There are 2 protein chains.
Amino acid sequence: MARIAPLSGFPEWLPPQRAVELHVLDTLRETFELHGFSSVETRSVEPLSQLLRKGEIDKEVYVVRRLHAEDVPSGPAADPDTLGLHFDLTVPFARYVLQNGGHLSFPFKRYQIQRSWRGERPQDGRFREFVQADVDVVALDTLPRHYEVDLPLVMVEALRALDVGEVRMRVNDRRVVESLVRGLGLRDVAVVLAAVDKLAKIGPEATGTLLRERSGATDAQAAAVLELTGVTGTDLSVVAAAAQRLGAGSDELDAALPDLQALVDAAEAVAPGVVVADLAVVRGLDYYTGSVYETELVGQEDLGSVCSGGRYDDLVSEGSTRHPGVGLSIGVSRLVSRLLRDGSVAATRAVPTAVLVAVTDEADRASSDAVARALRARGIPTDTAPTAARFGRQIKHADRSGVPFVWFPGTAEDPLLGQAKDIRSGEQVEADARTWSPPEGDRRVRVVRTSPAT
Amino acid sequence: MARIAPLSGFPEWLPPQRAVELHVLDTLRETFELHGFSSVETRSVEPLSQLLRKGEIDKEVYVVRRLHAEDVPSGPAADPDTLGLHFDLTVPFARYVLQNGGHLSFPFKRYQIQRSWRGERPQDGRFREFVQADVDVVALDTLPRHYEVDLPLVMVEALRALDVGEVRMRVNDRRVVESLVRGLGLRDVAVVLAAVDKLAKIGPEATGTLLRERSGATDAQAAAVLELTGVTGTDLSVVAAAAQRLGAGSDELDAALPDLQALVDAAEAVAPGVVVADLAVVRGLDYYTGSVYETELVGQEDLGSVCSGGRYDDLVSEGSTRHPGVGLSIGVSRLVSRLLRDGSVAATRAVPTAVLVAVTDEADRASSDAVARALRARGIPTDTAPTAARFGRQIKHADRSGVPFVWFPGTAEDPLLGQAKDIRSGEQVEADARTWSPPEGDRRVRVVRTSPAT
């Protein structure tokens with residue numbers, strides 16, 4: 001039947017793969033909560049008018065409509081009250097904050113781990129349905145600058161806790177590049193940034209052409225933009241010097257550059273070698289107004305950014321209420337798909353079960369159930385055998401799913417006495433279900449690295 | 001702006017409410033994993049042909065389409081390859097098992113906690129987007145009968161762990177009622193069961209009328225159906241006796257009745273007073289072929305069933321491959337919405353943070369960050385103050401979110417030495433961030449009962 005099939009761009013995992021994803025999600029949650037972020041989830045749908053308000057029509061929004069609803073056009077002319085699936089977690093979060101502002105305490109730190117949907121052409125690491133994990137802090141009126149340092153460091157800590165290999169976070173400040181562009185006498189900053197945003201993809205030559213053709217830059221201006229946005233590293237004094245030399249200095253630059261330097265320095269102190277400035281990082285989305293961040297797995301840059309974000313001063317505003325914020329988003333599905341493709345991490349078993357209690361006779365299943373209850377009561381994930389097959393088959397059933405222990409019930413006098421067999425080593429010991437435990441490392445499924453991190 | 005507004009039927013929780021939901025989800029997951037169920041998630045969409053194949057058009061499926069896709073009719077005549085949001089977790093799971101059967105080990109026990117969508121009219125406890133928590137076991141070819149006892153007991157254990165008050169699970173067996181109906185000489189079993197399904201809503205008189213009008217039952221047959229499906233309790237010998245008297249006995253009944261009695265008995269042994277037989281429980285869905293289950297909160301029956309399911313022998317089949325299964329689903333959103341409306345449970349605080357580290361001077365924020373890092377390294381959720389306001393305001397900031405402790409950094413010589421203040425009692429002690437801990441009960445957000453369970 002044609003309907004029983006995977007859908008391109010809608011990933012699903014088998015149980016051992018899902019165990020890896022769960023480990024990733026648990027680790028992220030743990031890190032975020034340790035830093036005081038509250039969990040929030042939002043509904044999956046927003047009115048199209050919200051989803052499209054930033055002109056983000058290229059996000060390929062999915063429209064959602066009741067099957068029984070009247071036929072209405074589904075093209076871009078659709079009713080603004082029509083619902084669409086959210087394409088990220090920032091837009092719904094902005095709406096949530098405005099809607100619930102009176103019930104929140106600011107600065108409000110939240111994490112949100114949820115699915116999003118984009119109707120883009122699926123490719124490696126790019127899905128139509130995917131899980132994202134976001135942290136944001138939004139303030140009322142004024143957002144202290146230190147949050148632009150704190151939040152990327154939370155994400156660096158989260159990625160390190162995931163043991164995904166070496167990561168590199170490239171950071172920039174919109175105010176720095178924008179002041180440089182203006183300092184060079186170029187008026188249409190958005191067009192210049194759009195060209196710079198393509199630098200990594202199309203190279204300096206084509207970017208120079210774009211700058212000359214679209215922003216009216218002279219050869220000298222185009223060359224200066226390329227020189228300045230070519231700066232990377234942890235020492236930004238070169239930027240001030242180059243700006244001076246190229247006549248691109250300004251008070252605005254002098255105000256913003258130390259903040260970017262402070263971000264890099266603070267990161268260097270906490271996680272050496274991870275965070276570098278890269279003046280070509282501008283992030284396409286037009287709502288960023290300060291720091292911007294992009295993160296790659298070192299050696300796997302082809303995957304694209306696995307953690308991006310920035311500061312936005314005007315996204316969460318309505319009338320005179322203004323909530324400047326800063327946030328980053330980890331592409332969980334992208335990250336997990338690469339970890340799984342790599343085979344660099346794996347779950348220790350396919351099921352949560354640490355112990356399978358054998359069943360001697362179907363009529364005596366209650367004894368095996370009693371053993372299972374006693375073990376579970378002490379937090380040991382336990383299952384009973386599906387049938388009272390011969391023990392060899394019951395052991396095989398455990399082995400197939402990677403369950404490490406099989407329990408053989410003892411005498412009828414005390415059903416909680418029996419034998420616990422480690423089916424990997426074959427070692428079998430007398431055991432009491434009231435006191436016996438598997439070794440700590442076998443109690444729960446763990447996710448382990450099977451090859452050294454790149 | 002009209003767009004910043006709640007959408008009827010799409011619930012969202014504030015952070016302290018979300019903490020209650022998270023507690024519910026964590027408790028369910030813990031219970032399911034202790035019983036050896038593996039986590040599975042499926043994509044949110046299925047082809048309409050899958051969603052509608054059981055004729056479940058009344059589920060009010062949501063159709064999903066790319067905004068930029070060609071205009072195509074969205075009515076029931078839509079292309080079967082059109083995607084819709086799943087309306088439960090059983091249909092996608094059935095597809096998942098057929099698709100991945102070669103990679104799964106049977107009997108396969110999985111839990112799935114995910115959102116589903118139904119375009120029904122929203123009302124108390126009935127949402128358009130909602131979270132469900134399902135457990136199912138599917139076998140290859142033969143499903144041992146004991147799973148029909150095991151799975152409802154897992155759900156009873158889960159509901160008890162949630163401390164939602166007294167629950168009553170009403171159980172039945174489709175084979176029992178179907179054999180009784182046939183034993184009474186009524187041919188159209190589906191029509192009779194559809195009438196019985198309405199009994200609780202419309203009462204015996206109207207049900208009797210339905211039976212006479214739709215299934216062609218005589219007065220005596222209708223009365224017999226009502227008498228037999230009126231049986232509730234834990235002793236099913238009355239059913240056998242009544243069937244005998246009414247001439248509704250059969251080998252089929254004799255085969256099925258002991259299984260239903262065994263289910264009730266096993267439940268009574270493990271969780272006395274929770275599970276009762278109720279021969280009027282038939283469950284609308286036509287795919288059930290054995291045990292069926294419905295669960296209400298005692299005293300809050302108006303909420304409807306919070307945990308339902310049953311055995312299905314033919315749902316997960318394709319060609320000669322057959323996966324009989326049994327499963328139950330908890331309506332998490334329905335349950336949580338009632339707990340929150342009640343106010344019977346509450347989170348101990350609105351944020352995960354146990355300690356807020358005060359900031360003496362913005363220039364010395366690094367010292368406060370160092371304290372926070374030291375506390376987090378020992379698993380204590382910690383935040384630093386947003387600004388170096390006067391301490392009174394910093395304490396107030398902690399107090400507003402329910403953070404129990406504020407830490408005041410000490411001298412520059414050793415920034416990890418300071419004072420920890422319990423802002424509830426006012427007690428303040430000298431403390432070392434390398435060793436000090438809040439009391440165990442304050443480390444993590446807890447969800448506590450604020451009024452006795454009904």
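All values derive from a computational prediction rather than experimental measurement. Per chain, numbering begins at 1; letters A, B, ... match sequence-line order.
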In terms of heavy-atom proximity below 4.5 Å to chain A, should [X] be classed as side chain, backbone, both, or neither?
| X | value |
| --- | --- |
| A262(B) | neither |
| F37(B) | backbone |
| Y111(B) | side chain |

Heavy-atom pair count under 4.5 Å with chain B, highest-scoring of [options]:
| options | value |
| --- | --- |
| N100(A), D369(A), D26(A), V403(A) | D26(A) |
| V355(A), L143(A), L7(A), I380(A) | L7(A) |
| R29(A), R400(A), H103(A) | R29(A) |

Would [X] and [Y] pass as an ion pair if we require N to O under 4.0 Å?
| X | Y | value |
| --- | --- | --- |
| E33(A) | R443(B) | no |
| E30(B) | R444(A) | yes |
| E362(B) | R145(A) | no |

Is there a side-chain contact between [X] and [Y] (heavy atoms, below 4.5 Å)?
| X | Y | result |
| --- | --- | --- |
| V64(B) | V63(A) | no |
| P386(B) | Y147(A) | yes |
| E318(A) | I4(B) | yes |
| R115(A) | Q114(B) | yes |
| F108(B) | P15(A) | yes |
| L48(B) | L67(A) | yes |

For this session: Kindly determine whether R373(B) and E157(A) satisfy salt bridge (Lys or Arg N to Asp or Glu O under 4.0 Å), including the steps that lead there.
Result: CA-CA 11 Å; R373(B) 265 197 305 278; E157(A) 188 176 321; over 6 Å; no
Problem set entry | Step-by-step side-chain contact (heavy atoms from CB on, under 4.5 Å) determination, E12(A) to Y96(B) | CA-CA 9 Å; E12(A) 288 185 330; Y96(B) 177 94; 3.7 Å; yes
Given 3.5 Å as the limit, does a donor-acceptor pair link the side chain of [X] with the main chain of [Y], or not?
| X | Y | result |
| --- | --- | --- |
| S38(B) | A350(A) | yes |
| R66(A) | G119(B) | yes |
| E129(A) | R43(B) | no |

Exercise. Given V149(B) and R365(A), is the side-chain contact (heavy atoms from CB on, under 4.5 Å) satisfied, shown in steps?
Worked result: CA-CA 12 Å; V149(B) 179; R365(A) 175 169 291 276; over 6 Å; no
Looking at [options], which one has more heavy-atom pairs under 4.5 Å with chain A than the rest?
| options | value |
| --- | --- |
| V40(B), L98(B), L14(B), D150(B) | L14(B) |
| S39(B), P144(B), A372(B) | S39(B) |
| E21(B), E41(B), H397(B) | E41(B) |
| V351(B), V45(B), T142(B), D383(B) | D383(B) |
| T353(B), L34(B), L375(B) | L34(B) |

In terms of heavy-atom proximity below 4.5 Å to chain B, should [X] be classed as side chain, backbone, both, or neither?
| X | result |
| --- | --- |
| R376(A) | both |
| A347(A) | neither |
| V270(A) | side chain |
| L356(A) | neither |
| F32(A) | neither |
| R110(A) | neither |
| F130(A) | neither |
| A269(A) | neither |
| P6(A) | both |
| P107(A) | both |
| R378(A) | neither |

Exercise. To the nearest 0.5 Å, what is the distance between NE2 (H146(A)) and OG1 (T384(B))?
Worked result: 6.0 Å
Exercise. If you round to the nearest 0.5 Å, how far is CH2 of W117(B) from CG of L85(A)?
Worked result: 7.5 Å
Exercise. Given S44(A) and F10(B), is the side-chain contact (heavy atoms from CB on, under 4.5 Å) satisfied, shown in steps?
Worked result: CA-CA 8 Å; S44(A) 300; F10(B) 292 84; over 6 Å; no
